[in-house]
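Below you'll find the structure, written out as structure tokens, and then a few comments.
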Amino acid sequence: MSASNESVAFDTPARERRADAFAMWIFVGSEAMLFGAILLVFFMARISYGAAFAAASQRLSLPLGTLNTVVLITSSFAMPLAHLYASAGRWRAALWSLAATVLLGLGFLGIKTAEYTMEFREGIAPVLGAPFTYDGPDRVHAEFFFGLYFAMTSLHALHLIGGIVVIAGMLMLWTRANEASRLRRVHAIGLYWHFVDIVWVFLFPVLYLINR
Amino acid sequence: MNFGIPFTPPEASSIAGSIDTLFYTLLAFAIALGAFLAGLVVFYAVKYRAGSKADRTGERGRSLPLELTWTVASILIAFVIFGWGVVLFLHREHPPLDALEIAGLGKQWMWEFRHPGGQREINELHIPVGKAVIVSLASQDVIHSFFVPAFRVKQDVVPGRTTHVWFIAEEPGRFHLFCTQYCGTQHSEMGGWVTAMPPEAYAAWLGNQDHAETLAADGERLFRALGCSGCHGNSSKVRAPDLAGIFGRPVPLNNRQTVIADERYLRDSILNPKKEIAAGYEPVMPSFDGLVDEGEMQMLLAYLKSLSAPATGEANQ
Amino acid sequence: MSTEALSPPGYLSEGAGPAAWLLTTDHKRIAWLYLASLTAFFFLGGAFAVLMRVELATPSGDLVSDDSYNRLFSLHGIIMIWFFLVPSIPATLGNFLLPLMVGARDLAFPRLNLASWYVFMLGSMFALFSVLAGGVDTGWTFYTPLSTLYANGFVSMAALGVFIVGFSTIMTGINFIVTVHTLRAPGLTWFRLPIFVWTMYATALVMVLATPVLAASLILIVLERVFGIGIFNPALGGDPLLFQHLFWFYSHPAVYIMILPGMGVVSEVLPCFSRRPLFGYKAVALSSMAIAVFGFLVWGHHMFVSGQSAYAGVLFSFLSFCVAIPSAIKVFNWSLTLRKGEISFETPMLYALFFLALFTFGGLAGLFLAALAIDVHVHDTYFVVAHFHYIMVGGMVTAYMAGLHFWWPKLTGRLYSETWGRIAATVTFLGFNLTFFPQFVLGYLGMPRRYHTYPPEFQFWHVLSSAGAVVLAIGYLMPLLYLGWSMFRGARAPANPWGATGLEWQTASPPPPHNFETTPKVSRPAYDYPMKGLRHEKFSPHKEEAR
Ligand code: HEA
Ligand code: HEA
Ligand code: CUA
Ligand SMILES: [Cu+2]
């Protein structure tokens, strides 16, 4: 969406900006269906294997999970800041807050990687044929839980990476884009970024906080 | 008369007739409606063809009364068809209590059946006429589907759970058995014949089969071989529940819930006992996942069922 | 305006050469990019179908091996659904006409539009690769655990292809929704929109909201095959039925993606050739939205005998009957549109009438399937195959042909041969019924689908069906020839050859690069054909050729 720069279809930039925002909302709605579907799978499974899931979720690292939540929420403040500055025409400030957003995003990914490696060591990562040496109750459904955990978190991570790449691209083209389109892009990517954060805010309690 | 060209499938089960009645009624409705619409369109097409003299004065094309009429009419007709379909469908859910239960196992790409008496057959199923037969279905690998067109019954066979289909054959004969859920390379070869025979003939047939042990007896042997009896036997030091009469009985669990010990429960208790722990017992029972295949599972279930009073047929759905 | 003589070359002559086409952001040219690729896929899928029919002419499997047959129907289904029918009308006619019909210069996001085509091509490369590399043998439904644990084809590859194509579908959907909301010409209120726009809008909504669910289920399949995450694998605690729920939650709404646009086309063609306003405009418009909404609630009707609870079955059956009502309303309104008309039977009209017949028939078959007790018997038999071919081929593809002929003068600025058009339409209609009607009989007799070999007593009906497929093939090959000829040699078309209403006819054929010299203003309802028997100067292609 932010890809389309000054489409011939619109007569005024204002109308185009509104159209961009609108399109972004539709896209977010579409994405919501994607995660919604997988969350639905998770809940259906959790209803039938509640105990196993609860026990398995104890094995996830609560500290790291919480830390990541904090990091991402902070990035959710940096992002609107960028939009604020951009609309105020304070471009360098906007630039810096975008950079901050990207860094926080990268931080999140770093922590997540650390978490994954830990889980592989503990043998609770039933993926890529890694040995699954979980000793808790109802091993089978615990494995199911970890399967879902990796599916959901990696999908979320992919979306985050996507966001980071787009922002990075924007920063590359920053000087070349005129101000109107800069503003439009910041606005559009901002919506997307918030969405990705909100998804995490859902995933965190769902995965980490089963009766804790 | 029909030159060996089949037009309708044989009606060989107790429900086939009633299902055909619904089908042909619907067919009549569809044809009538189709004919009416076609007639209407052709009539207009001729009467109002370009250049015809027909009178064309009239308002813009809209008419609330008409819209309401056909909307309401469609809704009513639709709901009648719906209700009729449901009534015949729910029949599936209530097999007679005295039904004869045969274990059916689907695997790529064959059907294996075991009669209560232990007789085993492959891609052939012999059943008595006029007696309700429940086939309890399990799958070794992928999803299959048990389909006997002449009986108008079909049921998917899903790995990891037991499903059931039941029917009463009304006339002797040999009928097609198909697998209708696409299951890989030889999906279309995965079929055979259902042979419905008069009860006495069926009994005779059972007699002639090389007499293996009954399914339950095999189950009992397994029950010892696998060491179940070591714990569940009355002379064991491990405190394990006595399984006599377990099937169909409500079982209190340690999480203050109570479940009916149906096939699902028994299966889970064996494959992953930790899932539901019977109240007042230690979760020491090991999982037999991987140690018993679907065939053996069916034997164990048959044995556990045989431990309880006969008429608990209603519990198995 | 409609009597303006030979039109200027328009958008077609704006720059030639590959770059001018492959890098264009003009929705009209992108429509052509899609048209070319989709036609190729249609004939590829059709070729698979013909091979299947030849194999099925005899009970034993003598032409191809069982594995090859399984690959044939899987690829046939995958290609025809995702690489032809889902994008068919929206990406070609929709892409070309939506901006014209709402009086806009282009779609809201021209670059996104071009991107969607490249994404589509990327996805189709994956699909084609999996075809060439050895094919897929899961059926188009990818049921687990077969697709995850047992299938030996290039499942991940094909799934990835479908997944990528999903993105292009979503892009198109977003583009359409935004365009309809933000770019309507002054005076063009919602209830003055042509039904085609309404159906495109409804389709786009379904595309945007349903496709991601398909994406989710395909992701999970690939994760399971590649990373060993056992979400659908009972041995790992997963549940195979979960996949079916996800898949059908997408695929049922998807079937309405595959019919709504066709309904839109027919709603344009019928009024034009009976020179009457569409009967019950509002009812037809709103029923499209109703279909889009209800379509999301009925997925379970594909799983009546899957082992889902009987009561879920009852609920889904009920909702399936509800979703049938809006279609019923449409059928009746279309029929009444002919009343007091001044009906002529050019090719598009013939196709439209055939659509009416075949869709109604296929839809009624849908009622049989929705009736629980009957579905238990005919589920996964040829009855189902016949049902969806009546609707998808007899309905949607026929409507696609109707639209292609109706707007051909606008697309190319040239006329096609009416005589050949009428012959082709009739041949298709006859061939179609000969192909698929016998499959209803087969289905009720209990002939299972996806069967490489079958009991000999079914052969008679299979032979009829195979014979029909050949006739059908001819019916589809003919337009390829005479339309292709017209593209370069056909007589020039005026702006409005059919004397139709609608903004797209008020600009030249072919339209100028940005569609309209001046943004049109709208003050009248759609289908504003003259009433009370006023004669209406109507253009006849043959007169024109004579000039
Ligand atoms: C464009 C595609 C399309 C469309 C529009 C439809 C429309 C409908 N479909 Fe179909 N369907 C498919 C494509 C489609 N279907 C496909 C591809 C499959 C198989 C998938 C697979 O397994 O591979 C399938 C399978 C399928 C099944 C599962 C069969 C099985 O596998 O056992 C069912 C069951 O309910 C069903 C029902 C319906 C109904 C009720 C409608 C309704 O929307 C029809 C509405 C139309 C009418 C009703 C006709 C017009 C109305 C009148 C003439 C007035 C009279 C009407 C009344 C009195 C109500 N369809
Ligand atoms: C969505 C669109 C669509 C379309 C348009 C078609 C079109 C056709 N389909 Fe099919 N079909 C499906 C969707 C579609 N189908 C789906 C989803 C399935 C289920 C798959 C599954 O089970 O997983 C299916 C399954 C299916 C089956 C059942 C297979 C089985 O279950 O064993 C059959 C059997 O007859 C069949 C036949 C046909 C025929 C004869 C046509 C004809 O209309 C085709 C007409 C077109 C042509 C004939 C092309 C003309 C050109 C040539 C023939 C020349 C050759 C060209 C070259 C070599 C370049 N289709
Ligand atoms: Cu077993 Cu198909
Ligand atoms: Cu459906």
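The chains referred to below are lettered A, B, ... by the order of the sequence lines, with proteins before strands, and numbering in each begins at 1. Since we're looking at a predicted model, the values are computed, not measured.
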Original post:
Does the pair C:T381 and B:F147 meet the rule for a side chain to side chain contact (heavy atoms under 4.5 Å, CB included), with working shown?
Top reply: CA-CA 10 Å; C:T381 66; B:F147 178 37; 3.9 Å; yes

**OP:** Show your working on side chain to side chain contact (heavy atoms under 4.5 Å, CB included) between C:L338 and C:R276 and close with a plain yes or no.
**Re:** CA-CA 7 Å; C:L338 300 181; C:R276 282 293 286 192; over 6 Å; no

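Each of C:R339, C:M303, C:H452 has some count of heavy-atom pairs under 4.5 Å with chain B, and the biggest count is that of C:R339. Note on C:L445, C:L364, C:I374: by heavy-atom pairs under 4.5 Å with chain B, the leading option is C:L445. Interface summary for chain B: among C:Y69, C:F304, C:Y444, the most heavy-atom pairs under 4.5 angstrom belong to C:Y444. Top candidate by heavy-atom pairs under 4.5 Å with chain C, chosen from B:T163, B:V41, B:T8, is B:V41. Contacts with chain B were tallied for C:F460, C:F458, C:F318; C:F318 has the most, counting heavy-atom pairs under 4.5 Å. Contacts with chain B were tallied for C:A370, C:G341, C:P326, C:A324; C:G341 has the most, counting heavy-atom pairs under 4.5 Å. In terms of non-hydrogen atom pairs under 4.5 Å with chain C, the most contact-rich of B:H91, B:Q186, B:R92 is B:R92. Of the listed residues (C:S320, C:S306, C:A371), the one with the most heavy-atom contacts under 4.5 Å to chain B is C:S306. In terms of heavy-atom pairs under 4.5 angstrom with chain C, the leader among B:A38, B:S18, B:C179 is B:C179. The residue among B:G191, B:P9, B:G160, B:G83 with the most heavy atom pairs within less than 4.5 Å of chain C is B:P9. Counting heavy-atom pairs under 4.5 Å between each of B:P10, B:G34, B:A45 and chain C puts B:A45 at the top.
When heavy atoms are compared at a cutoff of 4.5 Å, C:A328 approaches chain B solely by way of its side chain, counted from C-beta outward. Heavy atoms of B:L33 lying under 4.5 Å from chain C belong exclusively to its side chain. For C:L146, the parts lying under 4.5 angstrom from a heavy atom of chain B are both the backbone and the side chain. When heavy atoms are compared at a cutoff of 4.5 Å, C:T337 does not approach chain B at all. Looking at C:W461, the atoms closer than 4.5 Å to chain B (heavy atoms on both sides) all sit in the side chain, from C-beta outward. If you measure heavy-atom distances from C:V378 to chain B, the contacts under 4.5 Å come from the backbone alone. Using a 4.5 Å cut-off between heavy atoms, B:L40 contacts chain C through its side chain alone, with no backbone atom that close. Contacts of B:V158 with chain C are made by side-chain atoms alone, with heavy-atom separations under 4.5 Å and no backbone atom involved. Of the atoms belonging to B:I15, not a single heavy atom falls under 4.5 Å from chain C. The contact between C:Y143 and chain B is made entirely by side chain atoms (from C-beta outward), counting heavy-atom distances below 4.5 Å. Interface residue C:T138: only backbone heavy atoms are found under 4.5 Å from chain B. Residue contact with chain B, scored on non-hydrogen atoms closer than 4.5 Å, involves the backbone and the side chain of C:S317 alike. Using a 4.5 Å cut-off between heavy atoms, C:F345 contacts chain B through its side chain alone, with no backbone atom that close. For B:L90, the part sitting under 4.5 Å from any heavy atom of chain C is the side chain, from C-beta outward, and nothing else. Only the side chain of B:E67 comes within contact range of chain C, with at least one heavy atom under 4.5 Å from a heavy atom of that chain. Heavy-atom distances place no part of C:Q308 under 4.5 Å from chain B, backbone and side chain included. Looking at C:F73, only its side chain comes within 4.5 Å of chain B, counting heavy atoms on both sides. For B:Q108, the part sitting under 4.5 Å from any heavy atom of chain C is the side chain, from C-beta outward, and nothing else. With a threshold of 4.5 angstrom between heavy atoms, B:I143 approaches chain C through its backbone and through its side chain. Residue C:L442: no heavy atom, backbone or side chain, is found under 4.5 Å from chain B.
No side-chain heavy atom of C:V284 sits under 4.5 Å from any side-chain heavy atom of C:I329. Here the side chains of B:M110 and B:Q140 are not in contact, with every heavy-atom distance at 4.5 Å or above. The closest side-chain heavy-atom distance from C:Y451 to C:D66 is not below 4.5 Å.
Salt-bridge annotation for C:R449 and C:D380: present, with a side-chain N of the basic residue lying under 4.0 Å from a carboxylate O of the acidic one. A salt bridge is defined here as a Lys NZ or Arg NE, NH1 or NH2 lying under 4.0 Å from an Asp or Glu carboxylate O, and C:D239 with B:R161 meets this definition.
For C:W334 and C:F279, the distance between ring centers is not under 6.0 angstrom. Ring centers of B:W109 and B:H187: at least 6.0 Å apart, outside the cut-off. Close placement of the C:H462 and C:Y382 rings is indicated, their centers lying within 6.0 Å of each other. Aromatic ring centroids of B:F23 and C:F368 lie under 6.0 Å apart. Aromatic rings of C:W140 and B:Y182 (six-membered ring for Trp) have centroids beyond the 6.0 Å cut-off, not under it. Between B:F151 and B:F175, the ring centre distance stays below 6.0 Å.
One distance of note links CG of C:N333 with CH2 of B:W70; it measures 4.5 Å at 0.5 Å rounding.
Applying the side-chain contact (heavy atoms from CB on, under 4.5 Å) rule to C:V463 yields the partners C:Q459; only residues at least two apart in sequence or on another chain are considered.
Between C:F383 and C:F440, the ring planes are perpendicular. Angles over 60° get that label, and only those under 30° would be called parallel. In this structure, C:F359 and C:F355 have parallel ring planes: the angle between them is below the 30° cut-off, well short of the 60° mark.
Without hydrogens or angle criteria, C:Y454 side chain to C:L56 main chain gives a donor-acceptor distance under 3.5 Å.
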